[in-house]
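Because only heavy atoms are used, hydrogens play no part in the values below, and waters and symmetry mates are left out as well, while side chains stay in. Here is the naming used below: chain letters follow the sequence lines, and residue numbers restart at 1 for every chain.
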Number of protein chains: 2
Amino acid sequence: MLTIGKLSASTGVKVPTIRYYEQIGLLPEAERSAGNQRLYDRKTLDRLAFIRHARELGFSLEAIRDLLSLSDNPDHSCSAADAIARAQLVEVESRLARLAALKAELERMVVQCSGNRISDCRVIEVLGNHSLCITDHMIEDAIH
Amino acid sequence: MLTIGKLSASTGVKVPTIRYYEQIGLLPEAERSAGNQRLYDRKTLDRLAFIRHARELGFSLEAIRDLLSLSDNPDHSCSAADAIARAQLVEVESRLARLAALKAELERMVVQCSGNRISDCRVIEVLGNHSLCITDHMIEDAIH
DNA sequence: CTTAATGTCTCTAGCTGCTATAGCTTCAAG
DNA sequence: CTTGAAGCTATAGCAGCTAGAGACATTAAG
């Protein structure tokens, strides 16, 4: 049985975050020691590792809640889990395309900085002039 | 002079968001009509377009506040603006590398989905098994 | 000119996903 | 047996909005 600190150390999830996950029902209410301290078993450690990993992949707590309830019912079809993952993938691809476009724009900005007075600064100018920049339309094209 | 609705329509920033920006001091307090409605001029429209664009580029409101105060003092050197943009670029590059790795992992997940019972589902399994996944170390390597 | 629809006003509360603080109790090492 | 770390609860705060209530303003149609 692990204390919350050990659980935190072995999953990389901070202590207050673990308590928060319990509070919102992502983790079950922990057993308590005689002195009222939370105690965790291997099962909860796995569950928390799952949550952490999914968070790193950008899944929302809501999506994770769904995935967990799916994995709690192993007889159901996995198509729902697959759908969640696919939706997440679409999201990630969209963010990726968007970020790539923004990176290009930022690079243009810093390259063109004259190093002189603000009034000559491309950074400020580009940010103020939307027409110089990559449009949503271009981003949409890049995605598809 | 524009009402808040027109300003919203022409910048794509929602009405409550404009009021919020005023409240936190990103926009100056607006002039008011006889009937106490906010009125905006071209200058504020430009400022709001600047803010919107910078937000799309992922700048925090704090960074935008700095950029705005720089552009309000056009005699200063633009190296500060350049530094902010460069920091933002580093951030974006890091997020980009991270997202690319996550995309690869998600693709593996959905491809391997057996379409059958949850107990056979790779989506759930991969999420639960951190050792199968791309590590922070690998992401760091990808960045540099 | 009136009426109805739409727009705007202020204020408050809520959202996600945590993080920090205060003031207390419990535990483990020396 | 003491002391310092780790735990507890409860509350409040962060970014960056968003939504709702209930009142006043403006505009367009009839």
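Between the side chains of B:D66 and B:S69, no donor-acceptor pair is found at a separation under 3.5 Å.
Mapping B:S60 and B:S33 onto DNA chain D via the closest heavy atom, the residue that lands nearer the 5' end is B:S60. Checking B:Q37 against B:R55, the closest nucleotide of DNA chain D that is more toward the 5' end is the one next to B:R55.
One interatomic measurement links the two molecules: CD1 of A:I4 to C1' of C:dT26, which rounds to 14 Å at whole-angstrom precision. Between the CD atom of A:E62 and the P atom of C:dT16 there is a distance of 7 Å, given to the nearest Å. Between A:E56 atom CD and C:dC18 atom P the separation is 11 Å, expressed in whole Å.
Residue pairs meeting the salt bridge (charged side-chain N to carboxylate O under 4.0 Å, His left out) criterion with at least one partner in residues 17-31 of chain B, sequence neighbours excluded, are B:E22-B:R38.
Considering all non-hydrogen atoms of both residues, B:R55 and B:I64 come closest at CD-CD1, 3.5 Å. Taking every heavy atom of both residues into account, B:L61 and B:Y21 meet most closely at CD2-CE2, 4.0 Å. Considering every non-hydrogen atom in both B:S10 and B:L2, the closest pair reads OG-CD1, 4.5 Å. The minimum heavy-atom distance linking B:L96 with A:A100 is given by the pair CD1-N, 3.8 Å. When all heavy atoms of B:L26 and B:R47 are compared, the pair lying nearest together is O-NE, 3.2 Å. In plain terms, the two heavy atoms of A:V15 and A:G5 that are nearest each other are CG2-CA, 4.2 Å.
Using a 4.0 Å cutoff on non-hydrogen atoms, the parts of residues 11-30 of chain A near DNA chain D are A:R19, ordered by number.
When the side chain to side chain donor-acceptor pair (under 3.5 Å) test is applied to B:R65, the partners found at least two apart in sequence or on another chain are B:E62. For A:Q23, the side chain to side chain donor-acceptor pair (under 3.5 Å) criterion is met by no residue, not counting sequence neighbours.
From the 5' end on, the contacts that DNA chain D makes with chain B at under 4.0 Å to a non-hydrogen atom open and close at D:dG16 to D:dT26.
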Listed pairs, N/O of protein and of nucleotides 28-30 of chain C, under 3.5 Å:
none

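Taking 4.5 Å as the limit, every side-chain heavy atom of B:Y40 sits out of range of all side-chain heavy atoms of B:L45.
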